[in-house]
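Each ligand, and each atom within it, is numbered from 1 in the order the structure gives. These numbers come from a predicted model, not from an experiment.
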Amino acid sequence: MIGKLFIIGLGPGDAAMLTPQAAVALALASDLVGYGPYVDRAPQKPGQIRHVSDNREELDRARHALEMAAAGRVVAVLSAGDAGVFGMASAVFEAIDKGEPAWRELEVEVVAGVSAMFAAAAQVGAFLGHDFCAISLSDNLKPWALVLRRLRAAAEAGFAMALYNPHSRARPWQLNAAFELLREVLPPETPVVFATAVSRVDEQIEIVTLAAADSLRADMRTLVMIGTAATRRIERPGRSPWVYTPRFAGDAA
Ligand code: SAH
C-alpha cells in the first residue's frame, strides 16, 4: 500500500493567509504531523490523527511521517509560513535522501505557504522590494562564525535581509552581535523592522534605525528585517511610516 505525503506551509498565523490549496491538503490528510502549536492551527476533522512533537526533533518527525505514508496513510507534515523556508520540507527530503529506497516511490506534494518575511514586508510597505536574502540566526545547524560571514557578505553586497530565528532563550546574545557587525558595514540610519507575531492578534511591528536596534525588542516570534543603504521611510503625519526598498537599489552597496 502506498500512501501520500503532503508538506504544508500554514502561513504566518491568520487563517486568511492559509492558502486554499493548503486547506484542501489538510482536509485530505488522515494524519497530521508537526510541532504542537502548528498542528493546533489545523481545523478539527473527525477521525484525523494528530502526532505532536517537540520543535527540535525535525528529522525524527520527518522519518515518522515517511513511515506512515509508506504504510498507506495520507500524511500532512506541517510548518509555519512556507515549509521550504527554515521549515520541514528540507528535513523530509534529507530523510528521503538517507533513508529507505521505498520512500522514493512515495507521492510527495509540497504545498507553498506565505512565509513570515512576505507578511512582515507587506505590513510596512515594500521592505524587500529589490534584491534580498533570508538568513536564520539559529546556530543549531551551522556554526555562528558562518552566520556572521553571511551577514557581512549580504550587507556588503547591498541585499535587504530577513532574519529568521533571531532570538531564543538558548541564544540571548546573537542578535545584538549581528547588529554590531552590521553597524560596521551599513549607515546608522538604515531602517530595521522588528515584526512580531505577524498576522496574529498580538501582532507588533516596530520600525527603528540600525543605530537604535536592540535585541530586547525580539523574541522567538519575531522576524527582523534589515534594509539597505537605499531603503527609505515615507513619513506620514500621526501614522507609522511606510518603508520600502526602491527597485533602482542596484548601486546602493
Ligand atoms: N517556515 C517559517 C519559518 C520558521 S522558522 C516561515 O516561512 O515563515 C521560525 C521563525 O520564523 C521565527 O523565529 C520567526 O523569526 C519567524 N516567524 C514565523 N512566523 C512568524 C510570524 N507570524 N511573525 C513573525 N515572525 C514569524
Chemist: Are more than 12 heavy atoms from other residues, nucleotides or ligands located less than 6.0 Å from atom CZ of Arg236?
Modeler: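 More than 12 within 6.0 Å, yes.
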Chemist: Students should find this: residues with any non-hydrogen atom under 4.0 Å from ligand 1. What is the answer?
Modeler: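 Ligand 1 pocket, heavy atoms under 4.0 Å: Pro12, Ala80, Gly81, Asp82, Val85, Phe86, Ser115, Ala116, Tyr164, Asn165, Pro166, Ala195, Ala197, Val198, Met220, Arg221, Thr222, Leu223.
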Chemist: For Arg232, look at atom CZ and say whether over 12 heavy atoms of other residues, nucleotides or ligands are found less than 6.0 Å away.
Modeler: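 No, not enclosed.
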Chemist: Which heavy-atom pair separates Ala177 from Trp144 by the least distance, and what is that distance?
Modeler: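 So the two residues come closest at CB-CZ2, 4.1 Å.
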Chemist: For Phe179 and Ser215, work out which heavy atoms get closest and say how close.
Modeler: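 Heavy atoms of Phe179 and Ser215 come nearest at CE1-N, 4.1 Å.
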Chemist: For residues Leu223 and Met161: do they belong to one hydrophobic cluster (side chain heavy atoms under 4.5 Å, members Ile, Leu, Val, Met, Phe, Trp, Tyr)?
Modeler: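 Looking at the clustering, Met161 is in a separate group from Leu223.
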Chemist: Within a radius of less than 6.0 Å around CH2 of Trp242, do more than 12 heavy atoms belonging to other residues, nucleotides or ligands occur?
Modeler: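 Not buried by this count: 12 neighbours or fewer within 6.0 Å.
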